Amino acid sequence: MTRTLLPLIAFMLFNLFTYAQTKSVRGVIADLSSNVKLKNATVSILNAKDSTLYKFTRAGHDGSFSFESFKSGSFILLVTYPEYADFVNKFSIDSTNSSFDFKVIDLKTKAKLLNEVIIKGQAAAIKIKGDTTEFNAAAYKIQPNDRVEDLLKKFPGVTVDAQGKITAQGKTVEKVLVDGEEFFGDDPTLVTKNLRADMVDKVQLFEKASDQAAFTGVDDGQKKQTLNIVLKEDKKQGYFGKVDAGYGTDDFYQIQAMINKFKNKEKIAAYFTSSNTGKTGLGWNDAEKFGSTSGMEVSDDGMIFITGGGDDLDGGGRYWGEGVPIAHNGGVHYENKWNKDKESINTNYKIGALNVKINKNTLNQNNLPTGIINTNSDAITDNNMFRQKIDATYTIKLDTTSNLKVVIDGTLKNSQSDVRNSSEATREDNTRINKSERNTNNDNKQQSFNLSALYTKKLKKAGRNYSISLSQAYSKTDSEGFLNTTNNFFDVNNVLTRQEKIDQFKDNDILTNKLSGNVTFTEPFSKFFSVVANYGLSFTTNNAHRKTLDFDLATNNYDQLNPEFSNNFEADQLVNQVGAIFSYKKGKTVFNFGTKTSFVRFDQTELYNNQEFNRNFINWLPQVMYQYKFSAQKSFTFSYNGSTTQPTVEQLQPVRVNHDPLNIQEGNPLLKPSYNNRFNLRYNTYKVISGQSFYISGSGNFTQDQIVSSNTTDGEGRTVYKSVNLENELPYQVNAYTGFSRKINFLGGMNAGLELSVSSSKFFNYVNEELNSTSSLRASPAVTLSRYQEKSQFYFSFGPNYNAQEASLQRQVNNKGWGYSGYFDMQQKLPKKLTVSLSSQYTYQPSSAAFESSFEQLIVNANVTKAFFKEEKFKLMLSANDILNQNVGFRRYASGNSIIQTRYNNISRYFMFSLIWDFNKMGGNTPKTTN
């Protein structure tokens, strides 16, 4: 199968020939604003491919310069003069352009430009202002109906993968804004995949500071790589949109529609999607869309959160790439500014329904001190979910020194889940130990409401300010369902020894309400050194009532309370938090250090047994961050954070949970918090002119007194999981990433790169009172090639990967081996308004001591598009998904003392015919085709 990729590689490689000829370059250096010729200005000619010096001279008394006997090739003109901003310009000399006359080069003073460096191209393509890189959209050629995503691919140092993930100057872009505001939330790909490229004036790339840092002026190191899409003034009036409808073989279909109406600062947008092809939205991955957090936990600062569970009874309606989904999703967005921009509102309403049917097979190798239990299970799942969500953000500038921001959101969600599971567990000699048939279903209703307000005030002294925040979070989950299971147990001779039948009704009601407030005060000791002090107070009330009722044959009803699996739990929590973070910022250096301390009172009562657990915690949260910025595109950052992880309420409660009767959870009220030590470092550098980038980053987490699972597996294969604190061991997880890329001129301007990611971890658990360690190692080197031109583009990545998972109890039965993975994506525009696209993904995982079969997969997708009319507003598309019919869900991983492999159904081969209509009535015209 690997050979299949060779033609793809060969397709991308080509040569670019240059011919040396004698040419000339000339120009005049001046400051037109002062009508002065800048004599003795330094003029350098650099080779574009490596920035090495080719020629050098100084401007004459009249500001003129000239170079004779010039060879052919690509070069960079660099002009420098004291107190003036540098001038940089790329140009080429060839047989067509035998000479190059820059005419008058108008230099700007640094004071006037505020330290701008202008990189001129066809239309001032790139401008760097301090820490912001600004791309001029007019300098890049686009095609009719191109999206912002297509425009971004043409920017040097910016890459976009098949899923829409954006990487800029070696960092992942986490936020995309439109005119400085969020658009349908802050998911990047929603904007880039749907906003038209011809509406864009410029794109600004920068690291966005946190709201707190932006207000206080104290750099906390918490930054997100951000793109701001600045629209053309004449494109802020009118409407535009897209309708895409397709139908294919095996009744696959896809419908997508979106309309946007802009009127100055007022923006209205609406969308709708319906499909069974895996597209659950407009092409972005919104974790809140069809999922929810689960369980009951205490955060690092002692706050308690209780939400619906994530097991077979409580979960439902989620799609994470497993199974075949039928999704309907829609939403409306509105934003506006008024009162001289002092007031603004940004609001969204979303509604969605999702059905997912999953067929899943799981192989579980359970490593015990005395041997191995292998379990083969099959599950058929049918999940349904319907959700509505609304949110709004209102901001007002009260005066020149104070602001108020109010955020409100609410969610209503109903979900149903039905799971049929059958499993068989065997000993090492393949004799059966147990066999189970289990059916569960659940009906879940969830409500949530959140309200927060933030007031900020700047005082007379520069840098002195304070803020006050108040918030409320309310959530309620009511769920009920049934558990019906039959378990058969066998002896070593395969003889049935016992049968167990369970028929239960589950009724769970969970309520959480939290009120909190926080005050911060910033005091500058000097221009470079300041402190941010804070005090926070929160009060949380929780009630979790879980009832398990056994079926009574006498009454033919579920009316027998099972006390072993039932509890009524109440918890009140009061948290006082104080802290101080000191910040030093001077020149290129930023240094922060300090700590926050939470005093937590946690009172919990189990009402069935009248048991009380009163706990008090002191949580220390120290932090250190050091950053040195060599330049706007080159920096080094190191950070350390210490934190405590409190045991979850489910881990603390001495109650058994039998959602899976062969795997039972049991609480432990004697647990104590664990302490985490987290380290992060990153070095990155990016050269704008050559497009060269290099980055290396690493992170590590070492945990003391980690809360681990103590598993007791009996002779019938039933396991009871109980949480305990690990002693005398230090679990860890370490990750490292590095990458290098640059434009290769002798390959026709192709971008080439090398990447390497390495991760290693070691975790512990107890198995039948013996300590087990599970070690994992993954190393993935890769080579990447890409090129984005006006009518063609491609991206290629391929490399080996080494994976190893090993449990200390059974080292000889491990999962180790070398695999391969690759990805290829290309698009070519042909005459007659035809476009051909192809993408493929290759995966190979070898067999191992734990799994006797290897896994190999090559997924190939393709489409052909025919456009009509001058502006290509109407298109016909024929697409093929998974042409080789190999799209089978597969995953291998280690968890505790188990090594697990899963296979699941997925969307496989189909062919689809689609009609696409792009409409646009904004100020100005849609660009015409260049065909």
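Bear in mind that the values here come from a model prediction, so they are computed numbers and not experimental data.
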Hey, can you tell me if [X] and [Y] have their rings parallel, tilted or perpendicular (30° and 60° cut-offs)?
X    : Y    : value
Y628 : Y626 : parallel
F529 : Y584 : tilted
Y823 : Y795 : tilted
F694 : F740 : tilted

Taking C-beta and beyond as the side chain, do [X] and [Y] meet within less than 4.5 Å on heavy atoms?
X    : Y    : answer
T589 : Q627 : no
T835 : Q827 : yes
V148 : V200 : yes
K833 : E872 : yes
K71  : Y54  : yes
R787 : S792 : yes
D106 : D31  : yes
L177 : L227 : no

Measure across [X] and [Y] and return the closest heavy-atom pair with its distance rounded to 0.1 Å.
X    : Y    : result
A752 : I744 : CB-CG1, 3.8 Å
D62  : V28  : O-CG1, 3.7 Å
A197 : R147 : CB-O, 3.4 Å
A30  : K37  : CB-CD, 3.9 Å
N136 : D201 : OD1-O, 3.5 Å
N801 : Y820 : ND2-C, 3.7 Å

Sidechain N-carboxylate O distance under 4.0 Å for R196, D150: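 Salt bridge between R196 and D150, a charged N being under 4.0 Å from a carboxylate O: no.
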Ionic contact status for D341 with K265, cut-off 4.0 Å: yes
When rounded to the nearest 0.5 angstrom, what distance separates [atom1] in [X] from [atom2] in [Y]?
X    : Y    : atom1 : atom2 : answer
L77  : L46  : CG    : CG    : 8.5 Å
M199 : I229 : CE    : CD1   : 11.0 Å
E755 : S741 : CD    : OG    : 8.0 Å
I29  : L38  : CD1   : CG    : 7.5 Å
T57  : F65  : OG1   : CZ    : 9.0 Å
N751 : T784 : CG    : OG1   : 8.5 Å

Working for side chain to side chain contact (heavy atoms under 4.5 Å, CB included), residues F824 and Y842: CA-CA 9 Å; F824 175 72; Y842 175 75; over 6 Å; no
Under 6.0 Å between ring centres: does that hold for [X] and [Y]?
X    : Y    : value
Y81  : F87  : no
F636 : Y683 : no
F100 : F102 : yes

Check against side chain to side chain contact (heavy atoms under 4.5 Å, CB included), L151 and D146: CA-CA 7 Å; L151 177 64; D146 271 358; over 6 Å; no
Any donor-acceptor pair under 3.5 Å from T738 side chain to Y695 backbone: yes
Expected output: side-chain K39 to main-chain G60 donor-acceptor under 3.5 Å: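 Checked: no pair found.
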Side chain to side chain contact (heavy atoms under 4.5 Å, CB included) between I45 and F67, worked out: CA-CA 9 Å; I45 302 294; F67 295 96; 3.7 Å; yes
Donor + acceptor pair across side chains of N592, S583 (<3.5 Å):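 A pair is found: one side chain offers a donor N or O, the other an acceptor, under 3.5 Å apart.
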Distance-only side-chain donor-acceptor flag, T42 / R58, under 3.5 Å: yes
Lys/Arg cation over aromatic F262: K267, 6.0 Å, 45° cone: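 Here K267 passes the 6.0 Å and 45° test against F262.
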Ring-face cation contact, F528 with K585, 6.0 Å cut, 45° max: no
Worked check of side chain to side chain contact (heavy atoms under 4.5 Å, CB included) between I76 and V88: CA-CA 7 Å; I76 300 168; V88 182; 3.6 Å; yes
Enclosure of K866 NZ (heavy-atom neighbours >12, cutoff 6.0 Å): yes
